[in-house]
Amino acid sequence: WQVKAFRRTFDDTLDACATIYAVTKNLEYAERAKEILKYQLEDMRWGMQYRTTSGYNSKMNDTYEAVHIGRHVQRDALTYDMIYDSGVISEEEDAYIRNLFNWVAYKLTDSSYYNYTNASGQIHNYNADRISALIQISKLHTKAHILIILAAVEVILNLFDITSRV
């Protein structure tokens with residue numbers, strides 16, 4: 001993911017595999033999409049942990065910013081839904097993938113990862129991407145969807161400083 005062109009190749013391949021499976025029901029493409037999906041979610045977790053524990057790194061900061069994570073997790077959630085009924089995801093893999101989605105969702109709401117509570121954090125398009133990602137994740141087959149929706153609502157309330165007006 002540290003090289004944007006490489007990341008985009010993964011994105012394009014993920015999109016193509018999920019779409020080909022959706023149209024043809026060829027399980028080979030669902031299997032490929034699943035493997036890329038797992039890799040991307042694992043990499044997101046690694047990058048978000050790195051940013052939270054190690055701070056700013058000019059070579060990779062943009063790659064793991066909330067805006068890019070938000071946009072990519074939306075794509076990944078759609079892929080998950082597209083291949084979910086294929087049968088290529090075992091119960092163990094499904095639990096693992098859901099846990100990765102949930103981890104990313106919770107980290108997107110963590111102000112130590114992206115501080116959306118201060119003035120500069122409230123003016124970015126990052127918030128729209130983060131909220132869209134949380135909504136996409138909440139639509140998955142996950143037990144944590146209510147908590148994720150509540151976290152998205154909290155982000156919106158902080159973003160527009162609604163709590164101080166009530």
Side-chain angles (χ1 to χ4, degrees), residues 1-2 6-54 60 63-116 126-159:
W1 263 47
Q2 293 186 37
F6 185 62
R7 182 180 68 209
R8 288 190 179 116
T9 300
F10 268 98
D11 291 342
D12 292 344
T13 305
L14 180 67
D15 291 347
C17 288
T19 303
I20 291 169
Y21 167 72
V23 172
T24 68
K25 300 300 183 197
N26 183 330
L27 294 178
E28 178 182 347
Y29 292 98
E31 183 68 37
R32 289 180 187 179
K34 175 190 74 172
E35 294 304 322
I36 295 169
L37 173 66
K38 288 191 311 188
Y39 169 79
Q40 288 192 323
L41 289 169
E42 289 164 352
D43 188 64
M44 281 181 212
R45 180 180 58 191
W46 179 87
M48 294 170 90
Q49 285 174 327
Y50 182 88
R51 285 203 63 225
T52 304
T53 59
S54 301
M60 59 183 287
T63 301
Y64 297 103
E65 281 286 354
V67 64
H68 297 295
I69 295 294
R71 290 175 184 173
H72 287 281
V73 81
Q74 290 176 59
R75 163 185 268 128
D76 291 347
L78 180 60
T79 295
Y80 177 79
D81 274 348
M82 290 172 77
I83 67 170
Y84 182 77
D85 67 346
S86 68
V88 300
I89 303 173
S90 70
E91 285 185 31
E92 295 81 19
E93 288 173 317
D94 191 45
Y96 179 68
I97 291 169
R98 290 177 197 219
N99 284 335
L100 288 170
F101 272 118
N102 290 336
W103 190 94
V104 170
Y106 288 118
K107 187 55 81 173
L108 281 171
T109 64
D110 182 354
S111 60
S112 70
Y113 168 69
Y114 177 73
N115 190 356
Y116 55 87
Y126 292 18
N127 292 303
D129 291 303
R130 288 172 48 246
I131 292 165
S132 296
L134 292 169
I135 291 168
Q136 282 293 100
I137 293 170
S138 74
K139 292 168 40 178
L140 299 176
H141 312 279
T142 172
K143 294 176 184 173
H145 66 280
I146 298 298
L147 296 175
I148 294 168
I149 291 171
L150 291 174
V153 169
E154 181 183 352
V155 170
I156 293 168
L157 292 175
N158 279 314
L159 176 63

**Asked** Between E31 and K34, is the closest basic N to carboxylate O distance under 4.0 Å?
**Response** yes
**Fill in**
Rounded to the nearest 0.5 angstrom, the CG-CG distance for N99 and L41 is 11.0 Å
**Item:** Spatial distance of atom CD1 (I89) from atom CD1 (I83) [nearest 0.5 Å]
**Value:** 4.0 Å
**Item:** Step-by-step side chain to side chain contact (heavy atoms under 4.5 Å, CB included) determination, E42 to Y96
**Value:** CA-CA 10 Å; E42 289 164 352; Y96 179 68; 2.7 Å; yes
**Fill in**
Smallest heavy-atom separation, L37 atom then L14 atom, equals N-CD1, 4.0 Å
**Prompt:** How far does CD of E93 sit from CD of E91, to the nearest 0.5 angstrom?
**Reply:** 11.0 Å
**Prompt:** Looking at OH of Y84 and CG of D94, how far apart are the two atoms once the value is rounded to the nearest 0.5 Å?
**Reply:** 5.0 Å
**Message:** Against K38, only a single residue in I97, D43, D76 fulfils side-chain contact (heavy atoms from CB on, under 4.5 Å); can you say which?
**Reply:** I97
**Residue that, paired with W103, satisfies side-chain contact (heavy atoms from CB on, under 4.5 Å) out of R98, M48, M44** = M48
**Asked** So, R32 and E35, do they make that salt bridge, N to O below 4.0 Å?
**Response** no
**Fill in**
Heavy-atom closest pair (A18 atom, T79 atom, distance to 0.1 Å) is CB-CG2, 4.0 Å
**Request:** Calculate, to the nearest 0.5 Å, the distance between atoms CG and OH belonging to L27 and Y21 respectively.
**Result:** 6.0 Å
